There are 2 protein chains.
Amino acid sequence: MSISSRFSVGIHILALIEINKNGISTSEFLAGSVNTNPAVIRKIIGMLKGAGLVKVQPGIAGAKLAMKLSDITLFDVYKAVNVVQEKELFSVHENPNPDCPVGRNIQETIVPLFEVAQIALEKSLGNVSVEDVVNDIIKKENIS
Amino acid sequence: MSISSRFSVGIHILALIEINKNGISTSEFLAGSVNTNPAVIRKIIGMLKGAGLVKVQPGIAGAKLAMKLSDITLFDVYKAVNVVQEKELFSVHENPNPDCPVGRNIQETIVPLFEVAQIALEKSLGNVSVEDVVNDIIKKENIS
DNA sequence: TAAACTTGTAATAATATTTGTTACAGGTGT
DNA sequence: ACACCTGTAACAAATATTATTACAAGTTTA
């Protein structure tokens, strides 16, 4: 199992809107860069919009950033596109046997430990902004 | 998406082998506590065995611990049951457009950031032993 | 106003993944 | 010989992910 690529696509979209800021970033344009279907892009953009990260309007071509990229962390994107539910990165087997000391306690014991690990992951994502991503792309472009 | 419950089942199995150390932990017994099919347990035990965490032999009933529980961290179990491939917790969309500056750099830019986050998660799992889990279960049992 | 374009969204399909089930070969001990 | 176990493969069922198609409704331009 792995975390949905909606997350990496979301980052891609935000970075490309920025780099294409003098142009119009339609779902078709973005889809051409991500290499997927425009409807997929529109769905993800809808999620980014719901989180207040981009501005889009029905009928009006193009998505714009709604915040400074330096204020958008990877964690914000991760939450926006909803790839992992809160406290549910790890799934725990259901209905262990209540007649067994391990069965009746395992969930309560394990879930907080999993939460700590999930938070460590999310904190790490919070340390990087999409601006950092854009800067890295620009740097890579200039070198090569 | 979420990480396979093989992980939580693996922890459950190890904890129960310990708590049942005076008895015989057959796959059927363990399956009864986890509440799943014995074949599922045997498969997971096979993985734990492959990682050197338990001892089992064909034909001989029962699994035994192969290491001190205090030396087995949740990270060891996590690796053993193979729920997440190395560096692949996050999936990244394939074949972005090489004719776009974002498309041709996004993977190289993002993958290392995802790795850092994954390592933060794994480090957190490494801070807890299965013995800690067992002790917590015992504590909960004594209180109630 | 009509035509050409867009976004938003739903329905559907294709694919992959996870979990459970069944079956049985082969080992062990009585 | 019998009863029991583990190891494993084949299969089925349930779920999740991604892509595709279609179209209503908004906007712009001519």
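Only this structure's heavy atoms are used, side chains among them; waters, hydrogens and symmetry mates stay out. Chain letters run A, B, ... following the sequence lines, proteins first, then strands; residues in each count from 1. Keep in mind that this is a model prediction, so the values were computed, not measured.
Summarising the geometry, the separation between CZ on B/Arg42 and C1' on C/dG26 is reported as 13 Å, rounded to the nearest angstrom. Regarding B/His93, its NE2 atom lies at a distance of 19 Å from the C1' atom of C/dA16, rounded to whole Å. For A/Ile3 and D/dT18, the CD1 to P distance is 11 Å, given to the nearest whole Å. Separating the CG atom of B/Asn35 from the P atom of C/dG20 is a distance of 8 Å, rounded to the nearest angstrom. In this structure, A/Lys43 places its NZ atom 12 Å from C1' of C/dT12, rounding to the nearest Å. Atom CD of B/Glu94 and atom P of D/dT17 are 16 Å apart (whole Å). Between A/Ile41 atom CD1 and D/dT20 atom P there is a gap of 12 Å when expressed in whole angstrom units. Rounded to whole angstrom, the span from the CG atom of B/Leu48 across to the P atom of D/dG7 amounts to 11 Å.
Checking D/dA19, C/dT28, C/dT22 against every side-chain atom of B/Ile60, the shortest atom distance belongs to C/dT28. With C/dT9, D/dT8, D/dA19 as the choices, the nucleotide that has an atom nearest any side-chain atom of A/Val40 turns out to be D/dA19. The side chain of B/Ser91 lies closest to D/dT18 when the candidates are D/dG7, D/dA22, D/dT18. Checked against D/dC5, D/dT20, D/dG26, the side chain of A/Asn37 finds its nearest nucleotide in D/dT20.
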Discussion item. One pair to check against side-chain contact (heavy atoms from CB on, under 4.5 Å): B/Leu14 and B/Val77. What are the steps and the verdict?
Written reply: CA-CA 9 Å; B/Leu14 292 170; B/Val77 181; 3.6 Å; yes

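Using a 30° and 60° split on the angle between ring planes, A/Phe7 and A/Tyr78 fall in the perpendicular class, above 60°.
Contact check for B/Glu141 versus A/Arg104: side-chain heavy atoms found under the 4.5 Å cut-off. B/Ser5 is not listed as a side-chain neighbour of A/Phe90, based on a closest heavy-atom distance of 4.5 Å or more.
Put simply, A/Ser4 has a side-chain N or O that comes within less than 4.0 Å of OP1 or OP2 on D/dT18. Remark: A/Lys49 is in phosphate contact with C/dG8, judged by side-chain N or O atoms under 4.0 Å from OP1 or OP2.
A donor-acceptor contact closer than 3.5 angstrom links the side chains of B/Asp76 and B/Thr73. A side-chain N or O of B/His12 and one of B/Ser33 form a donor-acceptor pair less than 3.5 Å apart.
Each of B/Gly59 and A/Gln57 was assigned the nucleotide of DNA chain D with the nearest heavy atom; the assignment lying further toward the 5' end belongs to B/Gly59. When each of B/Ser5 and A/Ala39 is assigned the nucleotide of DNA chain C with its nearest heavy atom, A/Ala39 is the one assigned upstream, toward the 5' end.
Within 4.0 Å (heavy atoms only), B/Val56 reaches sugar-phosphate atoms of the nucleic acid but no base atom.
Judged purely by atom type and a 3.5 angstrom limit, A/Lys140 has no side-chain atom pairing as donor or acceptor with the backbone of B/Asn105.
Residues of residues 22-33 of chain A having a heavy atom closer than 4.0 Å to DNA chain C, listed by number: A/Thr26, A/Ser27.
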